[in-house]
Amino acid sequence: MKKIVLLCFITLFTYAKDNIIQPKKCEIVKLSNFTTLVSCHKLDYIVQTKEARRDDEDNIKKITVLTKQDSKIIIKKRD
């Protein structure tokens with residue numbers, strides 16, 4: 001019984017080490033003052049921002065996801 005519990009613990013630990021503990025390696029490239037390219041894993045994100053008029057206002061204008069096949073806008077806010 002102890003061997004089974006130990007085997008399950010070791011299996012769970014190796015799975016968690018590969019998938020949970022190691023963070024994703026992302027690259028961030030600032031293209032301009034209001035446009036940033038974020039590349040994580042196999043997806044690329046273009047984040048477009050705007051100048052906030054007030055402190056409590058969100059400055060994200062649009063987020064676009066780029067893959068090899070297509071691009072899709074996931075957030076688009078009106079001005």
Side-chain angles (χ1 to χ4, degrees):
M1 182 68 179
K2 290 181 182 180
K3 291 181 182 180
I4 294 173
V5 171
L6 184 61
L7 181 63
C8 289
F9 179 73
I10 291 172
T11 304
L12 181 65
F13 179 74
T14 55
Y15 174 77
K17 180 182 171 214
D18 291 339
N19 296 321
I20 299 170
I21 297 173
Q22 294 180 357
K24 293 181 181 177
K25 294 177 181 155
C26 298
E27 294 181 35
I28 299 173
V29 177
K30 188 164 182 149
L31 301 174
S32 70
N33 287 338
F34 300 110
T35 306
T36 305
L37 175 68
V38 180
S39 179
C40 280
H41 212 35
K42 295 182 180 180
L43 294 175
D44 296 327
Y45 302 91
I46 294 179
V47 180
Q48 295 176 338
T49 58
K50 61 180 180 178
E51 283 191 42
R53 291 180 233 161
R54 300 185 316 246
D55 290 338
D56 61 343
E57 189 178 80
D58 190 19
N59 65 345
I60 293 178
K61 185 176 179 182
K62 183 168 71 170
I63 298 177
T64 307
V65 178
L66 304 171
T67 61
K68 289 184 179 181
Q69 291 80 19
D70 63 346
S71 64
K72 184 174 184 181
I73 297 172
I74 57 174
I75 294 177
K76 185 174 183 180
K77 295 188 179 181
R78 295 184 191 190
D79 289 335

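As the structure is a prediction and not an experimental result, all values here were calculated from the model. By convention here, the first residue in the shown sequence is residue 1.
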Apart from V29 itself, its cluster of hydrophobic side chains linked below 4.5 Å comprises L31, L37, I46, L66
Using the test side-chain contact (heavy atoms from CB on, under 4.5 Å), find all partners of [X] that sit at least two apart in sequence or belong to another chain.
X   : result
K62 : Q48, T64, I73, K76
I75 : I63, K77
S32 : T35

Across all chains, not counting sequence neighbours, the side chain to side chain donor-acceptor pair (under 3.5 Å) partners of T36 are none
N33 meets the side chain to side chain donor-acceptor pair (under 3.5 Å) criterion, sequence neighbours left out, with none
Answer yes if V65 and I60 sit in the same cluster of Ile, Leu, Val, Met, Phe, Trp and Tyr residues linked by side chain heavy atoms under 4.5 Å apart, and no otherwise.
yes
